[in-house]
Amino acid sequence: MILILVIFISLSALFVFHKTNSTLSKNSLNLSKGEWIVITVCSSQNKSDLWLLNTKTQIKQKILNNRDVVVTGKVNTKGDILLYSDAIGTNPWDIFRLNMSTKETYQITNDPLGQFNVNFGDEKGNIIFAKSGDKNSPVPKISKIDVDKKYGKTLEFGSDIAVQDFYIYKNKIIALTFSYNEFITKRFEEQNESSKIKYTIMEMNTNGGEKKELAKINAMRLDSISLSKSGNFIILGGAGVKNTERGFYKLVVNGNKVSSLLTQEQLKKTNKIMEISQPYIACLSSNEESIYFVAVPSGTHEANFMGLTTYPNSLYCYNLEEKKLREIFKIPGTFIPSISFTYQ
């Protein structure tokens with residue numbers, strides 16, 4: 001199934017700073033060094049929560065709860081500030097910032113079109129990047145928000161070039177892009193779900209300049225992009241880069257050779273996994289020995305979450321060297337639609 005993301009933000013966005021009540025867990029957060037994974041969890045009661053997992057200590061803490069929409073978020077490297085997207089009441093999607101130490105939440109944007117997929121531009125969340133669009137165009141772009149200056153602008157690679165996902169690394173934006181016209185033609189006009197799309201991995205600085213092409217990849221779908229902590233490898237999630245496989249891929253930065261990192265077919269052989277959950281999102285551990293992802297355990301039955309009929313799932317860790325699979329996060333009878341991660 002191809003997921004269509006509906007977009008997002010206008011350049012005339014209003015920036016507001018409303019202090020709101022936080023539903024942060026009363027337990028103090030563990031700020032020891034580690035890899036942070038923010039997990040969106042949806043219940044059959046059509047509510048969603050955000051959980052924070054420290055992959056080294058395995059400490060799990062609920063940081064937002066009982067939301068009426070599917071909230072998503074990301075923490076900074078210290079794990080003490082959360083940026084998240086939420087829609088309160090009948091309001092559109094907006095960006096919020098939660099200080100986990102003071103438990104204070106501030107609404108950053110007030111925009112009629114909304115914004116998603118938030119990323120930190122600095123450690124305090126005063127510079128924010130989000131997947132965005134323009135009210136006059138459906139093509140997804142990247143928006144940059146300066147909280148202090150109350151200013152936002154759209155960064156783009158071309159009028160027809162859509163951004164599927166992006167990652168911020170050392171003042172660089174690494175973006176997974178595709179032709180919006182090609183996507184519409186193949187997926188809607190021709191209604192061909194198996195035809196390959198031409199994806200391009202692009203780099204630009206955080207001001208929108210110094211653009212350059214890193215690699216071209218043909219695939220049935222690519223959902224996500226990230227970099228290893230070393231910055232040497234690009235990690236992709238998707239399907240059909242080589243044949244009909246589904247899973248995760250590794251690409252050497254500035255190289256064009258894509259290799260399979262972990263596939264759904266490999267995981268099925270463990271007899272523990274029925275399928276990898278979509279969208280295909282993965283986090284490579286700091287030491288590059290393990291990969292984190294969401295999948296459906298074997299023997300699971302469908303249920304309804306937020307109006308969607310799908311399978312309850314869990315967060316897993318797969319050791320690439322030892323070829324061992326571990327379930328590291330599960331709330332029975334719930335669905336994880338999204339994860340994000342941050343290296344220390």
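Heavy-atom basis, side chains included; hydrogens, waters and symmetry copies ignored.
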Can you name the closest pair of heavy atoms from [X] and [Y] and give their distance?
X: Ile336; Y: Leu315; result: CD1-N, 4.0 Å
X: Phe305; Y: Pro312; result: CZ-CG, 3.8 Å
X: Asn117; Y: Ser85; result: N-OG, 4.4 Å
X: Glu327; Y: Ser314; result: OE2-OG, 3.0 Å
X: Glu321; Y: Asn319; result: N-OD1, 2.9 Å
X: Pro337; Y: Pro279; result: O-CD, 3.7 Å

Checking side chain to side chain contact (heavy atoms under 4.5 Å, CB included) for the pair Phe120/Ile81: CA distance, chi angles, key distance, verdict? CA-CA 10 Å; Phe120 283 82; Ile81 295 177; 4.0 Å; yes
Would you check, one step at a time, whether the test side chain to side chain donor-acceptor pair (under 3.5 Å) holds for Ser286 with Glu35? CA-CA 7 Å; Ser286 297; Glu35 303 145 351; 2.8 Å; yes
Report the relative orientation of the aromatic rings in Phe293 and Tyr316; use parallel for angles under 30°, tilted for 30 to 60°, perpendicular for over 60°.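 Geometry flag for Tyr316 against Phe293: parallel rings.
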Which class fits the ring pair Tyr343 and Phe341: parallel under 30°, tilted 30 to 60°, perpendicular over 60°? perpendicular
So [Y] and [X], do their side chains get closer than 4.5 Å, heavy atoms only?
X: Tyr318; Y: Lys323; result: yes
X: Lys186; Y: Ile197; result: yes
X: Val75; Y: Leu52; result: yes
X: Leu284; Y: Leu320; result: yes
X: Tyr292; Y: Ile328; result: yes
X: Phe129; Y: Ile145; result: no
X: Leu53; Y: Ile39; result: yes
X: Ile128; Y: Asn119; result: no

Using the side-chain contact (heavy atoms from CB on, under 4.5 Å) rule, pick out the option among Thr177, Leu236, Leu222 that qualifies with Ile201. Leu236
Taking [X] for its side chain and [Y] for its backbone only, find out whether a donor-acceptor pair lies under 3.5 Å.
X: Asn207; Y: Gly209; result: no
X: Ser285; Y: Ser290; result: yes
X: Ser224; Y: Tyr280; result: yes
X: Gln264; Y: Ile276; result: yes
X: Thr40; Y: Val71; result: yes
X: Glu123; Y: Lys78; result: yes
X: Asn99; Y: Lys103; result: no

Name all residues meeting the salt bridge (Lys or Arg N to Asp or Glu O under 4.0 Å) criterion together with Glu213; count only those two or more places apart in sequence or in a different chain, and write none if there are none.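 Listed in chain order: Lys216.
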Less than 4.0 Å between a side-chain N and a carboxylate O, is that true for [Y] and [X]?
X: Lys172; Y: Glu210; value: yes
X: Arg221; Y: Asp223; value: yes
X: Asp49; Y: Arg67; value: no
X: Lys269; Y: Glu265; value: no

Out of curiosity, [X] [atom1] to [Y] [atom2], how far, rounded to the nearest 0.5 Å?
X: Asp148; Y: Lys150; atom1: CG; atom2: NZ; answer: 9.5 Å
X: Ile174; Y: Glu203; atom1: CD1; atom2: CD; answer: 4.5 Å
X: Leu64; Y: Leu82; atom1: CG; atom2: CG; answer: 5.5 Å
X: Ile291; Y: Ser228; atom1: CD1; atom2: OG; answer: 11.5 Å
X: Asn76; Y: Leu83; atom1: CG; atom2: CG; answer: 8.0 Å

Could you see if [X] belongs to whatever hydrophobic cluster contains [Y]? Use Ile, Leu, Val, Met, Phe, Trp, Tyr and a side-chain cutoff under 4.5 Å.
X: Leu308; Y: Met274; result: no
X: Phe157; Y: Leu176; result: no
X: Trp51; Y: Ile281; result: yes
X: Leu227; Y: Ile217; result: yes
X: Met202; Y: Val252; result: no

Atom [atom1] of [X]: over 12 foreign heavy atoms under 6.0 Å:
X: Glu302; atom1: CD; answer: yes
X: Lys60; atom1: NZ; answer: yes
X: Lys47; atom1: NZ; answer: yes

Could you check whether Lys250 makes a cation-pi contact with Phe233, meaning its NZ or CZ is under 6.0 Å from the centre of the six-membered ring and within 45° of the ring axis? yes
Apply the test side chain to side chain donor-acceptor pair (under 3.5 Å) to residues Ser277 and Asn313: give CA-CA distance (whole Å), side-chain angles for both, the deciding distance (0.1 Å), then the verdict. CA-CA 7 Å; Ser277 296; Asn313 51 14; 3.0 Å; yes
Would Asp80 and Ser101 count as having a side-chain donor-acceptor pair, cut-off 3.5 Å? no
In sequence, state the C-alpha distance, the side-chain angles, and the governing distance for Arg187 and Ser195, and then conclude on side chain to side chain donor-acceptor pair (under 3.5 Å). CA-CA 8 Å; Arg187 295 295 184 259; Ser195 63; 3.1 Å; yes
Should Asn171 and Thr206 be marked as a side chain to side chain donor-acceptor pair (under 3.5 Å) after you check the CA-CA gap, both sets of side-chain angles, and the distance that decides it? CA-CA 6 Å; Asn171 296 317; Thr206 50; 4.6 Å; no
Take Lys62 and Leu50, measure what side chain to side chain contact (heavy atoms under 4.5 Å, CB included) needs, and give me the verdict at the end. CA-CA 6 Å; Lys62 187 186 291 187; Leu50 277 187; over 6 Å; no
Apply side chain to side chain contact (heavy atoms under 4.5 Å, CB included) to Thr200 and Lys198, showing your working. CA-CA 7 Å; Thr200 303; Lys198 298 175 183 177; 5.9 Å; no
